[in-house]
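The structure appears below as C-alpha cells.
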There are 2 protein chains.
Amino acid sequence: MGKPTVHDIAKEAGVSLATVDRVLNARPGVRDKTVERVQAAVQRLGYVRDTFAANLARQRQYRFAFVLPEGESQFVGTLKDALLEATEAQMAERVSVRVVPVPSYDPHSVVRALNALPVPLLDGVAIMTPETPQVRDAVARLKAAGVPVVALVSDLPNSGRDHFVGINNLSAGSTAGVLMGRFIGAAQGKVMVVTNSILARDSIERRLGFDAVMAESFPGLTVLPSIESRDDPERMVAVIRHAVTAHPDLAGVYSMGSGNRGLLQALRETGRIGDLTVIAHELTPLTRVALQEREIDAVITQNVGHLVRSALRVLRAKCDGVGIFEAQERIRIDIVIRENLP
Amino acid sequence: MGKPTVHDIAKEAGVSLATVDRVLNARPGVRDKTVERVQAAVQRLGYVRDTFAANLARQRQYRFAFVLPEGESQFVGTLKDALLEATEAQMAERVSVRVVPVPSYDPHSVVRALNALPVPLLDGVAIMTPETPQVRDAVARLKAAGVPVVALVSDLPNSGRDHFVGINNLSAGSTAGVLMGRFIGAAQGKVMVVTNSILARDSIERRLGFDAVMAESFPGLTVLPSIESRDDPERMVAVIRHAVTAHPDLAGVYSMGSGNRGLLQALRETGRIGDLTVIAHELTPLTRVALQEREIDAVITQNVGHLVRSALRVLRAKCDGVGIFEAQERIRIDIVIRENLP
DNA sequence: GGCATTCTGATTGACGTACCTCAGAAACCT
DNA sequence: AGGTTTCTGAGGTACGTCAATCAGAATGCC
C-alpha cells in the first residue's frame with residue numbers, strides 16, 4: 001500500500017480531517033490530548049506531508065533574494081550564471097529569485113541594500129558579503145522579521161544566519177598548503193602569498209590553514225607575508241616583478257583571492273610561468289584556461305552549481321520549517337588540476 | 001501574473017481543455033491543424049507543465065531497481081547507504097527503489113538477474129556491473145521493453161543505455177598519474193600498480209590514463225605491470241612483499257581497484273608505509289582512516305551521494321521524457337587528501 | 001441546570017493536471 | 001443527401017493538501 005495520507009491519519013487517530021489539518025499546521029483550536037493522539041498516529045503510520053501537494057494547494061511561491069557583490073569578478077559571474085540556470089531549471093518548483101547587486105567594498109551600501117529589501121514580499125535571503133558589525137545587525141533585523149537568511153561563500157557567524165553555504169576556508173588553506181609543499185618537492189625555497197584584501201574573512205582563514213601546514217610539514221619552505229593586490233592588476237604586476245627579483249629562490253605562488261588575471265599577466269611578463277608552482281582559488285574561465293596551459297598547477301574551488309542549489313534547498317527547507325539533508329548540503333573543497341577539469 | 005496553465009492554453013488556442021490535454025499527452029484524436037494551434041499557444045505563453053501536479057493527478061510512483069554487485073566491497077556499501085538515504089529523503093517525491101544484488105564475478109547470474117526483473121512493475125533500472133556481450137543484450141532487451149536504463153559507475157557503451165552516471169576513468173587515471181609523479185618528486189623510481197581484476201573496464205581505462213601521463217610527464221619513473229589481487233588479501237600481501245624486495249627503488253603504489261584493505265595490511269607488514277607514495281580509489285571508511293593516518297597520500301573518488309542522486313534524477317527525467325540538466329549530472333573526479341576530507 | 005466557551009466534525013472549494021465518458025459537431029465518402 | 005468516421009467540447013472525478021465555514025458536541029463555570 002502507498003504512503004499514508006491525512007485521511008489515514010484521521011482514521012488512525014479517530015478524529016476528523018479538519019482536526020488533523022489543524023494539528024499539522026499548528027493552528028489553534030485543538031485540545032492537547034487530541035494533538036497528542038494525532039501526533040502519535042503520524043508517528044505510527046510514518047506519515048510525511050506531501051510538500052508538493054501542499055504547495056499546490058496553498059499556491060506557494062518561494063521568493064528569494066540573493067545579495068551578491070557587483071563588479072567584474074569572474075567567480076561572482078559564474079555564480080550568477082549558475083543561479084540563473086538553477087532557477088530556470090527549478091521554475092517548475094515554484095521558486096523565483098532576484099539578484100540584488102551591492103558594491104561589496106562599501107559596507108554602508110551593503111547595509112542599505114539589506115535594509116531596503118522588500119521584506120513582506122520575500123521568503124528568504126542569501127547573502128554573500130564581507131562581515132561587518134552593521135551587516136550582522138542587518139541580518140539580525142531580517143531574522144527578526146521572520147525571513148530565513150543563509151550566508152553564501154563567506155560566513156556571517158554571530159549574525160543569527162540560519163545556515164552557512166560554503167567551504168571551510170581553513171581547510172581550503174591547508175589543502176593548498178599540502179599541494180604547494182608536495183608539488184614544489186624541493187626542500188628549500190620561498191613561497192609568495194597574494195590576495196585581494198588581507199582583511200577579507202576568507203583570506204584570513206585560508207592563510208591560517210596554509211601557514212599551519214607549511215610550518216608543520218614543510219619547514220624548509222619560507223612563506224612570505226601576504227601581499228594585497230586590491231583588485232589592481234598594475235599593482236599586482238609590480239609586486240610580482242619585485243618579488244621575483246628580490247627572492248631568486250622563489251618556488252611557488254599561492255593566490256588566495258580572486259585577482260588571478262593580474263597574477264597570470266605578471267607571471268607571464270617575468271617569464272617565470274610554468275617554472276613556479278602556482279595554486280589559486282576558484283575555477284573560472286580564466287583559471288580553467290590557465291590550468292589547461294599549465295600556467296596554474298592546481299585550483300582549490302567550490303562548485304558554484306552546488307553552492308546555489310544548496311542555498312536554494314536550504315532556504316526552501318527553512319521556509320517549510322523542514323530539516324535539511326546535511327550530507328547533501330556540505331560543500332566540498334574541490335581540488336582541480338589539468339587532468340580532472342570538469 | 002503567474003505561470004500559464006492548461007486553461008490559459010485552451011483559451012489562447014480557442015479549443016477546449018480536453019483537446020489541450022490530448023495534445024500535451026500525445027493522445028490520438030486531434031487533427032493536425034488543431035495540434036499546431038495548441039502547440040503555438042504553448043509556445044506563445046511559455047507554458048511549462050507542472051510536473052508535480054501532473055504526478056499528483058496520475059498517482060505516479062517511480063519504481064526503480066538498482067542492480068549492484070553483492071559482496072563485501074566498502075564502496076558498494078557506501079553506495080547502498082547513500083541510495084537508502086537518498087530514497088528516504090525523496091520519499092516525498094514518489095520514488096521507491098529496490099536493490100537487486102548480483103554476484104558480480106559471474107556474468108551469467110548478472111544476466112539472469114537482469115532478465116528476471118519484473119519489467120511491467122518497473123519504471124527504470126540502474127546497473128553497475130562489468131560489461132559483457134550478454135549484459136549488453138540484456139540491457140537492450142530492457143530498453144526494448146520500454147524501461148529506461150542508466151549505467152552506474154562502470155559504463156555499458158553500445159548497450160543502448162540511456163545515460164552513464166559516473167566518472168571518466170581515463171581522466172581519473174591521468175589525475176592519479178599527475179599526483180603520483182608530483183608527489184614522488186624524485187626523478188627516478190618505480191611505481192607499482194595493483195587492481196582487483198585487470199579485466200574490469202574501469203581498471204583498464206584508469207591504467208591507460210595513468211600510463212599516458214607517466215610516460216609523457218614523468219619519464220624517469222618506471223611503471224610496473226598491473227598486479228591482480230583478485231579480492232584476496234593474502235595474495236596482495238605476498239605480491240607486495242615480493243615487489244618491495246625485488247624493487248628497492250620502489251617509490252609509489254597506485255591502487256586502481258577496491259582491494260585497499262589487503263594493500264594497506266601488506267604495506268604495514270613490509271614497514272614501507274608512509275614512505276611510499278600511495279594513491280587509491282574510492283573514499284570509504286577504510287581509505288578515510290588511511291588518509292587521516294597518512295598511510296594513503298591521495299584518494300581519487302566520486303561522490304556516492306551525487307552518483308545515486310544523479311542516477312535517480314536521470315531515471316526520473318527519462319520516465320517523464322524530459323531533458324536532463326547536464327551540468328548537474330556531470331560527476332566530478334574528486335581528489336581527496338587528508339586536508340580536504342569531507 | 002443553564003449558559004458561555006472551547007473543541008471538533010463534516011463539508012466545501014480551491015490548486016494544476018490526468019483521464020474518462022458522452023454527446024454533438026465537423027469532415028469525409030459514396 | 002445520407003451515412004460513416006473522425007474530431008472536439010463539456011463535464012466529471014481524482015490526487016493530497018490547505019483554508020474556511022458552520023453546526024454541533026464537549027467542557028467549564030456559576
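None of these values were measured; they are calculated from a predicted model. Per chain, numbering begins at 1; letters A, B, ... match sequence-line order.
- If you take NZ of B:K11 and P of D:dG9, they are 15 Å apart, rounded to a whole angstrom.
- A donor and an acceptor atom, one from each side chain of B:N303 and B:R309, are nowhere located under 3.5 Å apart.
- Between the axis at the start and the axis at the end of the helix from C:dG1-D:dC30 to C:dC28-D:dG3 there is an angle of 30°, using five pairs per end and rounding to 10 degrees.
- For the salt bridge (Lys or Arg N to Asp or Glu O under 4.0 Å) test, no residue two or more places apart in sequence or in another chain qualifies with B:K11.
- The side chain to side chain donor-acceptor pair (under 3.5 Å) contacts involving residues 136-148 of chain A comprise A:N115-A:R141, A:E131-A:R136, A:K143-A:D162, where partners must be two or more places apart or lie in separate chains.
- Applying the salt bridge (Lys or Arg N to Asp or Glu O under 4.0 Å) test to A:R37 and every residue at least two apart in sequence or in another chain returns nothing.
- For residues 16-36 of chain A, the pairs satisfying salt bridge (charged side-chain N to carboxylate O under 4.0 Å, His left out) are A:D21-A:R27, with sequence neighbours left out.
- Spacing between atom CZ of A:F52 and atom P of D:dC18 amounts to 14 Å, rounded to whole angstrom units.
- If you measure from atom CZ of A:R22 to atom P of D:dC22, you get 14 Å, rounded to the nearest angstrom.
- Not a single side-chain hydrogen bond (donor to acceptor under 3.5 Å, both in side chains) links B:S96 to another residue, sequence neighbours left out.
- Under the 6.0 Å distance and 45° angle rule, B:R60 counts as a cation-pi partner of B:Y62.
- Partners of B:H163 according to the ring-ring contact (aromatic ring centres under 6.0 Å, His included) rule, which considers only residues two or more places apart in sequence or in another chain, do not exist here.
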Give each protein N/O atom lying under 3.5 Å from an N/O atom of nucleotides 14-16 of chain D, with the pair distance.
unit_1	atom_1	unit_2	atom_2	d
D:dC15	O3'	B:Q59	OE1	3.3
D:dC15	O2	B:L56	O	3.4
D:dC15	O2	B:A57	N	3.2
D:dG16	N2	A:A53	O	3.4

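- Scanning for salt bridge (Lys or Arg N to Asp or Glu O under 4.0 Å) contacts around A:R63 gives A:D123, with sequence neighbours left out.
- The closest side-chain donor-acceptor pair between B:N168 and B:R330, if any, does not fall under 3.5 angstrom.
- Annotation: of the two residues near DNA chain C, A:V35 and A:L17, the 5′-most nearest-nucleotide partner is A:V35.
- For A:E12, the salt bridge (Lys or Arg N to Asp or Glu O under 4.0 Å) partners are A:R44, not counting sequence neighbours.
- DNA chain C is contacted by B:N25, B:R27, B:R31 of residues 25-32 of chain B, taking any non-hydrogen atom closer than 4.0 Å.
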Which is it for A:V304 and A:F75 under the side-chain contact (heavy atoms from CB on, under 4.5 Å) test, yes or no, and what are the steps along the way?
CA-CA 8 Å; A:V304 288; A:F75 175 64; 3.6 Å; yes
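- Checked against B:F64 for a side-chain contact (heavy atoms from CB on, under 4.5 Å), the options B:V147, B:V99, B:L122, B:V95 give a single hit: B:V95.
- Proximity of B:T19 to the phosphate of D:dT8: no side-chain N or O atom is located under 4.0 Å from OP1 or OP2.
- On the nucleic acid side, DNA chain C has its first and last nucleotide under 4.0 Å of a heavy atom of chain A at C:dC7 to C:dG16, going 5' to 3'.
- Atom NZ in B:K33 sits about 11 Å away from atom P in D:dT8, given to the nearest Å.
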